[in-house]
Amino acid sequence: TVGQFFTDAKHHAVTKVAGRVELSLDARSTDPVVLKRLQERVHALAREVEHRMAERLAYVRHDPERILNAGCGAAGCAVLRKRYPAAEILAFDSALGRLERARDARSLAERALTLLRGSREHIVCADISALPLRPGACGMIWSNLALAWSADLAATIREWHRVLSVGGLLMFSTYGPDTLKELRAAYVDTLPHVHPFLDMHDIGDALVAAGFADPVMDMEPITLTYASLDGLIADLRATAEDGANGMDAVGAFGWGGAY
């Protein structure tokens, strides 16, 4: 959840991201080259959302000593390291494979600096709803597209509130209820074929109930255009098999803010 947001009209503009789909990319393939290309395409959406989150930090005065990246995924912590070079960063994710990819994705320069100066980034495989941290351990919590996959939204937010220090900042993004609405509408039965994403007002209520002050929620639609249904299904399969933060065909992203 972000701290205070001071947004203007440009933050609410619809941005179309055209994704040319190659039908040869099959998520069921065991070819490592094909799988890598699928993962890169799936992660492109998460990187775009992360970039937009980072832009909002320009409106927040905050200098945390320790940051929790809750559900860091394979993207790692490059954005946080750039913004807060002196901060200690705790990169938490429940999937060991994603953490290993995040570690391996670091450049040679970053690895060399780690050896010379010691690590200020700690990678931990843990549930973001049951954090192995003392109360008030972190001055900031950052979470990009991980909250949607929590089995218990209220419990996760309460846990984040527990480990956040007084005056700390929680900034996150998540999928909105319009995510995959076209795919949901394509089914003729009433069975739940598509994951039900929460409305940002429900998340805001959970923030207040957990004890966060001054929550600010914002929504921004991002449209991904596919050349075929096969391309969409391939990305969704890659998301599920990779355990990534999620991929949608047409989604609305919620931004929230609270101290």
Side-chain angles (χ1 to χ4, degrees), residues 1-5 46-47 49-54 56-57 60-103 105-106 110 114 118-174 203 206-207 210-216 243-246 254-259:
T1 297
V2 171
Q4 293 279 356
F5 283 135
R47 287 194 296 270
V49 176
E50 182 182 51
H51 172 72
R52 298 186 187 200
M53 283 178 66
R56 285 159 167 77
L57 289 174
V60 181
R61 284 190 174 184
H62 196 58
D63 189 20
E65 293 183 2
R66 181 182 293 121
I67 302 171
L68 168 63
N69 188 351
C72 64
C77 303
V79 168
L80 293 174
R81 285 199 304 271
K82 181 178 180 180
R83 175 74 183 185
Y84 304 105
E88 179 183 16
I89 300 176
L90 308 179
F92 277 46
D93 201 287
S94 60
L96 181 60
R98 290 201 297 263
L99 292 173
E100 290 174 340
R101 283 195 295 277
R103 178 196 60 199
R106 289 181 296 182
E110 290 173 328
T114 297
S119 178
R120 295 286 291 167
E121 180 180 325
H122 310 284
I123 297 177
V124 181
C125 187
D127 184 354
I128 63 172
S129 299
L131 298 164
L133 298 171
R134 60 175 174 77
C138 301
M140 176 178 172
I141 298 177
W142 169 278
S143 183
N144 182 30
L145 300 179
L147 188 61
W149 312 115
S150 169
D152 189 334
L153 171 71
T156 300
I157 291 179
R158 286 196 301 269
E159 183 70 350
W160 288 358
H161 185 271
R162 182 185 68 83
V163 303
L164 193 64
S165 61
V166 176
L169 169 66
L170 169 62
M171 183 169 186
F172 68 85
S173 62
T174 188
I203 299 174
L207 288 167
F212 282 100
D214 302 323
V216 179
N245 285 335
W255 321 89
Y259 285 102

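Numbers here are sequence positions counted from 1.
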If you measure from [atom1] on [X] to [atom2] on [Y], what distance do you get to the nearest 0.5 Å?
X: Leu169; Y: Cys138; atom1: CG; atom2: SG; answer: 12.0 Å
X: Phe212; Y: Ile157; atom1: CZ; atom2: CD1; answer: 7.5 Å
X: Met140; Y: Leu57; atom1: CE; atom2: CG; answer: 5.0 Å
X: Arg81; Y: Ile67; atom1: CZ; atom2: CD1; answer: 11.0 Å
X: Leu145; Y: Thr174; atom1: CG; atom2: OG1; answer: 7.0 Å
X: Asn69; Y: Ser143; atom1: CG; atom2: OG; answer: 7.5 Å

Please name the pair of heavy atoms, one in [X] and one in [Y], separated by the smallest distance, quoted to 0.1 Å.
X: Ala126; Y: Pro132; answer: CB-CD, 3.9 Å
X: Cys77; Y: Ile89; answer: SG-CG2, 3.7 Å
X: Cys72; Y: Ala91; answer: SG-CB, 3.8 Å
X: Ser165; Y: Gly136; answer: CB-O, 3.7 Å
X: Leu153; Y: Ala206; answer: CD2-CB, 4.3 Å
X: Trp142; Y: Met53; answer: CH2-CB, 3.5 Å

**Request:** State, without any angle test, whether Ser94 and Asp127 hold a side-chain donor-acceptor pair at a distance under 3.5 Å.
**Result:** no
**Message:** Assess whether a salt bridge exists between Glu50 and Arg47, defined as any Lys/Arg side-chain N lying under 4.0 Å from an Asp/Glu carboxylate O.
**Reply:**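 A salt bridge is absent here (no side-chain N lies under 4.0 Å from a carboxylate O).
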**Request:** Using modelled atom types only, decide if a donor and an acceptor are shared between the side chain of Arg162 and the backbone of Leu131 within a distance under 3.5 Å.
**Result:**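 Pair found, side chain donor or acceptor close to backbone of Leu131.
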**Prompt:** Would you find a donor on one side and an acceptor on the other, under 3.5 Å apart, between the side chain of Asn144 and the backbone of Ala46?
**Reply:**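 Looks like yes, one N/O pair under 3.5 Å.
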**Prompt:** Are any of the side-chain heavy atoms of Leu90 and Val124 separated by less than 4.5 Å?
**Reply:** no
